[in-house]
Amino acid sequence: MPFGAGSRERGVRLLPFLFVWTCAKCARLPWKARKEERGGMEEKATQVSEANLTPGQTFSMEEALQETEARLEKRVRPGQILTGKVVLVGSEGVAVDIGAKTEGIIPFNELTEKSLPEEELKALLKPGDLVRVQVIKVDPETGQVLLSRKRVEATEHWDRIRELYEKGEPVTVTVKEKVKGGVVADLDGVSAFIPASQLDLKRIPNLDAYVGQQILVKIIEFNRKKGRVLLSRRAVLEEEQKRAKEAFFQSLQPGQVVEGTVVDVTDFGAFVNLGPVDGLVHRSEITWGRFNHPKEVIHKGQKVRAQVVSVDPEKERVNLSIKALIPDPWTTVAEKYPVGSRVRGKVVGLTQFGAFVEVEPGLEGLIHISELSWTKRPKHPSEVVKEGDEVEAVVLRLDPSERRLSLGLKQTQPDPWQLLTEKYPPGTVVKGKVTGITDFGVFVELEPGMEGLVHVSELDHGRIENPAALFKKGEEMEVVVLNIDPVEQRISLSRKRLLPPPPPKVEEERPRRAKGKEARGKRKPGPRREERREYEYGAVAEYNLYDASAVPTASASVKLGDLYGDLLASLGLEEEKPS
């Protein structure tokens, strides 16, 4: 006789006496109570089976007996993983048909690893759902089978985590809590640890901001036996950064204009963040102007535009220039500051040879130490100007190709040397103070800052070997002006011209020259040429000392021959008289 049913549900309907419904609660009840409990569960199971029947399905008694025999022969073992169908969701757990002689029970605490209220636990599974379970315990006396869905899920999760670890694929996790040294994240029901050093590219002091967030991480350590899983968000960020850098360097070319934010300022320049990489603006490429430290002209957090100077993808270096986008002031200096014009600027540097004045950023001129004052002769420019002073100067020379600008400070004042030539013409007698003594002469100050030189040959009629032995610094000296050169700023003075002339030297009478044989017999040995030179020098000196007042006037009766004889006698050349 055919019956309408199929599969194992038909066996439940035809042979209710084969079902032995057991659970932890029923095992503790008396036999009669257990019988009543089983009867109620069997009735519910029969109702469920009837609800699953498909119209038109039939089976024979032989098929039912074969299936029942298979159920009786099937054995389950602890640790075995089976797939069953949910039969009933009760108050203590879920009944699952695993193809054995009795259904297995999944207690609610073995349904999932998540902490859920009872209402949500009951809603996880419904009759007819297929579920994979693991056999926890089998009672040989009662035939009770205790199952766990949670352990199967855990095994599946660990298998999936192992697969992700081996493939190196990133996975999204949720940060659950902050712990010492990092945070704990949920990875498919498995608690995984993320060290603080692996949360970002830079160490984050406050980790509370990550709690509750979903982040993309990579598994960097996996140990199933120890239940240890380490995650890293930094590894994901580094890979993303690497890809971004490669794309960035491919798109970057020298001469390209970029924008960025200054992230650091050092002695040698400033670092500008361009996104994937930081570019360096060397201190020489920040501005055309002068500065002591880059912090004086650029600061951290400042938005800047710069031009790419060079790119090195291998070393991941980008050199930038800010001043390349600023016009070079030397290109227009000739039109703005022609020779002879006056400019104002700030003293930005002092050296032994002069002072540097910044006319505008990137444009500096030099005031040579000789152009600082008309009258002063400073040993260092700091005696006239100080660094930071605002000064006015005159453009003296200009060379844009060599980037040189010569300025003069004294040209802004009247030239006292021009007035000096009018005040002290040659021949003027003045008194001044001795300001310096050298081997070649004495310096005398005529006016403050204006000195003249009395050469050693103009100190006295006689030769002076050591001027310092006769004159002292600070003494007053009367001199006469010989010459003033306003261009070279030199004054020539003389002291000896105010002194009375020395008395003329008295020449001793020379012996008469011997004549004839007498002269030849008495001639002294020695170079004749030198002897004649001595006579000649003596004659010249004697001629120069000739007193014109001693020459007889025209009224005196003097013969020409006598004058000629006297002249020859004075020269020692008178003729020998015949004997």
Side-chain angles (χ1 to χ4, degrees), residues 200-204 216 233-338 341 343-349 356-366 395 398-405:
D200 207 328
L201 296 175
K202 297 180 180 179
R203 190 173 182 86
I204 306 298
L216 192 65
R233 178 172 176 261
R234 178 174 183 171
V236 176
L237 296 177
E238 288 177 347
E239 289 183 0
E240 293 177 352
Q241 187 182 62
K242 183 179 179 180
R243 291 192 296 268
K245 284 181 179 181
E246 291 175 355
F248 178 77
F249 279 110
Q250 289 178 358
S251 63
L252 204 61
Q253 298 294 332
Q256 184 177 344
V257 178
V258 294
E259 295 184 359
T261 304
V262 178
V263 293
D264 194 15
V265 181
T266 64
D267 293 339
F268 55 86
F271 289 94
V272 179
N273 180 256
L274 304 177
V277 298
D278 292 343
L280 172 64
V281 183
H282 193 265
R283 61 178 298 150
S284 61
E285 296 295 332
I286 296 177
T287 180
W288 293 103
R290 178 192 290 238
F291 54 84
N292 293 323
H293 195 278
K295 289 183 179 180
E296 299 175 7
V297 292
I298 195 170
H299 60 272
K300 190 176 181 179
Q302 181 179 346
K303 301 285 186 179
V304 296
R305 295 177 70 249
Q307 187 179 75
V308 179
V309 177
S310 62
V311 181
D312 189 347
E314 295 182 359
K315 296 183 179 179
E316 296 184 355
R317 291 181 180 177
V318 180
N319 292 323
L320 306 174
S321 173
I322 296 177
K323 77 175 186 180
L325 302 179
I326 305 173
D328 186 357
W330 285 97
T331 57
T332 58
V333 65
E335 293 78 13
K336 294 175 66 174
Y337 308 107
S341 61
V343 296
R344 294 193 64 86
K346 180 181 179 180
V347 178
V348 293
F356 286 95
V357 177
E358 185 181 53
V359 180
E360 62 180 68
L363 183 62
E364 296 180 4
L366 173 65
V395 178
L398 181 63
D399 189 351
S401 61
E402 296 292 332
R403 306 175 79 88
R404 291 181 180 178
L405 176 63

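Between the side chains of H282 and E285, no donor-acceptor pair of N or O atoms lies under 3.5 Å. Between the side chains of T287 and K323, no donor-acceptor pair is found at a separation under 3.5 Å.
Taking the charged nitrogens against the carboxylate oxygens, E238 and R234 do have a contact shorter than 4.0 Å, which makes a salt bridge.
Here the closest heavy-atom approach between residue Y337 and residue E360 is recorded as OH-OE1, 2.8 Å. Residues R233 and L216 share a closest heavy-atom pair of CG-O, 3.7 Å. The minimum heavy-atom distance between P400 and W330, with the atom names listed, is CB-O, 4.0 Å. Considering all non-hydrogen atoms of both residues, L325 and Q307 come closest at CD2-CB, 4.1 Å. Residues P361 and P329 share a closest heavy-atom pair of O-CG, 3.6 Å. In terms of heavy atoms, K300 sits closest to D264 at CG-N, 4.5 Å.
Under a 3.5 Å cut-off, the side chain of R317 and the backbone N or O of S310 do not form any donor-acceptor pair. In this structure, the side chain of W288 engages the main chain of I326 through a donor-acceptor pair within 3.5 Å. Side-chain atoms of T332 do not come within 3.5 Å of backbone N or O of E335 as any donor-acceptor pair. Judged by distance alone, the side chain of E316 and the main-chain N or O of P313 form no donor-acceptor pair under 3.5 Å.
At least one side-chain heavy atom of R403 sits under 4.5 Å from a side-chain heavy atom of D328. D312 places none of its side-chain heavy atoms less than 4.5 Å from the side chain of N319. With a 4.5 Å cut-off on side-chain heavy atoms, L398 and V333 count as touching. Between I298 and I322, the closest side-chain pair of non-hydrogen atoms falls below 4.5 Å. Using a 4.5 Å heavy-atom threshold, the side chains of L320 and V309 count as separate. By the 4.5 Å heavy-atom criterion applied to side chains, L252 and V308 are counted as neighbours. A 4.5 Å side-chain heavy-atom check between L280 and F268 finds at least one atom pair inside the cut-off. Contact of the F271 side chain with the V262 side chain is not registered, since no non-hydrogen atoms from C-beta on lie closer than 4.5 Å.
Screening residues 265-275 for side-chain hydrogen bond (donor to acceptor under 3.5 Å, both in side chains), with sequence neighbours left out, gives D267-H293, N273-D278. For residues 246-260, no pair satisfies side-chain hydrogen bond (donor to acceptor under 3.5 Å, both in side chains), with sequence neighbours left out.
Heavy atoms of other residues, nucleotides or ligands lying less than 6.0 angstrom from NZ of K245 number more than 12.
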